Amino acid sequence: MMNYPTPIDALPLAPLPRLPGDEWGTQVQLFEEIFQVFLILGTIVGIVVVSYTLYNAYKYRDRGEEASEADRPVLGELPTGEGGGRKLFLSFFLSAIIVISLVAWTYGALLYVEAGPSDQGTDENLDVDVVGFQFGWEFEYPNGHTETNELRVPADRTVTLTITSSDVWHNFGIPDLRVKADAIPGQTTETWFVAEEPGEHVAWCFELCGIGHSDMVADVIVMEPDEFEEWYEDPEAYGNGEDETDEDDVEEGEEAADEAADDEEDADDESETVAGTVVVR
């Protein structure tokens, strides 16, 4: 029985932004990187604007001197300055470059999200149908095998989940792997992820769906590719092999316990025989 961690544990931030076309582990990581790009550029622009404002405020501060008549503005007179508008043109040009570049990068990243990874739709991709029900999850693999509340996937391989519900609204999420999508009756939603390392994780329902909502969890087991292929070819044999091993261990333990009990009985019999001999003498 797994000890389920809370689904709101703090998670590490995604790596620094990459260009569209690079591989992301999940869609969430990509959106995190878009957010980081906006945050970094917004911070830089804010620093520049605030710094320039403070510079001009200091430069043109009131020094307590009375301005000459030549410096006083006249009502209705248009202001004139040096440079012929070069500063205005330069600021507009730089702003346009930043905004256009940001929009283009974001648009390319969103196209990547829509299209999915490059290996999606190929033999390298694993498609799993996920059906939510009160109160559990059913996973169906391309070979027709189904599992309830247990999802097994290979490491370092794209996994596409097609998610729906058989009764009410649910929401399928694996916090450790940054996976989250709605499960809606009569509709399907898709999401994908790549688990880089073998390990065990937990899938939760993030939509209040009834009295058993808190118990609607599933084990997510990321396996080595070779081990997953062995399980995928014959899941029942793979599981039975494990059960047989466990039964053998139990039988060996029972035999050892029986032998120990027999030895104790023999020792007790010898002690009684010796004691009887002593009494007779």
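Fair warning: this is a prediction, and the values are worked out from it, not measured in the lab.
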Exercise. Which is it for D182 and T189 under the side chain to side chain donor-acceptor pair (under 3.5 Å) test, yes or no, and what are the steps along the way?
Worked result: CA-CA 7 Å; D182 287 326; T189 56; over 6 Å; no
For this session: Report the C-alpha distance between D127 and T162 in whole Å, list the side-chain angles of each, state the deciding distance to 0.1 Å, and finish with yes or no for side chain to side chain contact (heavy atoms under 4.5 Å, CB included).
Result: CA-CA 7 Å; D127 293 303; T162 303; 5.6 Å; no
For this session: Begin with the C-alpha distance, continue with both residues' side-chain angles, and end with the deciding distance and a verdict on side chain to side chain contact (heavy atoms under 4.5 Å, CB included) for L126 and F228.
Result: CA-CA 11 Å; L126 176 64; F228 174 80; 3.7 Å; yes
Problem set entry | Verdict with reasoning, F35 to E32, per side chain to side chain contact (heavy atoms under 4.5 Å, CB included) | CA-CA 5 Å; F35 169 77; E32 272 192 354; 5.6 Å; no
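The minimum heavy-atom distance between V202 and P175, with the atom names listed, is O-CD, 3.6 Å. The two atoms that bring P154 and P225 nearest to each other are CB-CA, 4.3 Å, heavy atoms only. The minimum heavy-atom distance linking E147 with E150 is given by the pair CB-O, 3.2 Å. Among all heavy-atom pairs drawn from V222 and E197, the shortest one is CG1-O, 3.3 Å.
Between the OG1 atom of T148 and the CD atom of E140 there is a distance of 11.0 Å, given to the nearest 0.5 Å. One distance of note links CD1 of I174 with NE2 of H201; it measures 8.0 Å at 0.5 Å rounding. Taken to the nearest 0.5 Å, the SG atom of C205 stands 11.5 Å off from the CZ atom of F133. Expressed to the nearest 0.5 Å, how far NZ of K180 lies from CD of E207 amounts to 8.0 Å. Separating the CZ atom in F172 from the CG atom in L161 is a distance of 5.5 Å, to the nearest 0.5 Å. The distance from the CG atom of N125 to the CH2 atom of W192 is 10.5 Å, given to the nearest 0.5 Å.
The closest side-chain heavy-atom distance from I97 to F93 is below 4.5 Å.
Cluster annotation: V131 and W204 are assigned to distinct hydrophobic clusters (Ile/Leu/Val/Met/Phe/Trp/Tyr, side-chain heavy-atom contacts under 4.5 Å, transitive). Residues L94 and V50 are members of separate hydrophobic clusters, defined by side-chain heavy-atom contacts under 4.5 angstrom among Ile, Leu, Val, Met, Phe, Trp and Tyr. V168 is not connected to F135 by any chain of hydrophobic side-chain contacts under 4.5 Å among Ile, Leu, Val, Met, Phe, Trp and Tyr, and they are in different clusters. Under a hydrophobic-cluster definition in which Ile, Leu, Val, Met, Phe, Trp and Tyr are linked whenever side-chain heavy atoms come within less than 4.5 Å, directly or via other members, F38 and L41 are assigned to the same cluster. A chain of hydrophobic side-chain contacts below 4.5 Å, direct or via other Ile, Leu, Val, Met, Phe, Trp or Tyr residues, connects I211 to M216.
Counting only distance, with no hydrogens or angles, the side chain of N149 and the backbone of W137 share a donor-acceptor pair below 3.5 Å. Using modelled atom types, one side-chain atom of Q134 and one backbone atom of C209 make a donor-acceptor pair closer than 3.5 Å. A donor-acceptor pair is defined here as one N or O able to donate and one able to accept, closer than 3.5 Å; such a pair exists between the side chain of T164 and the backbone of Q187.
The aromatic rings of Y141 and Y232 sit perpendicular, their planes meeting at an angle over 60°, well past the 30° parallel limit.
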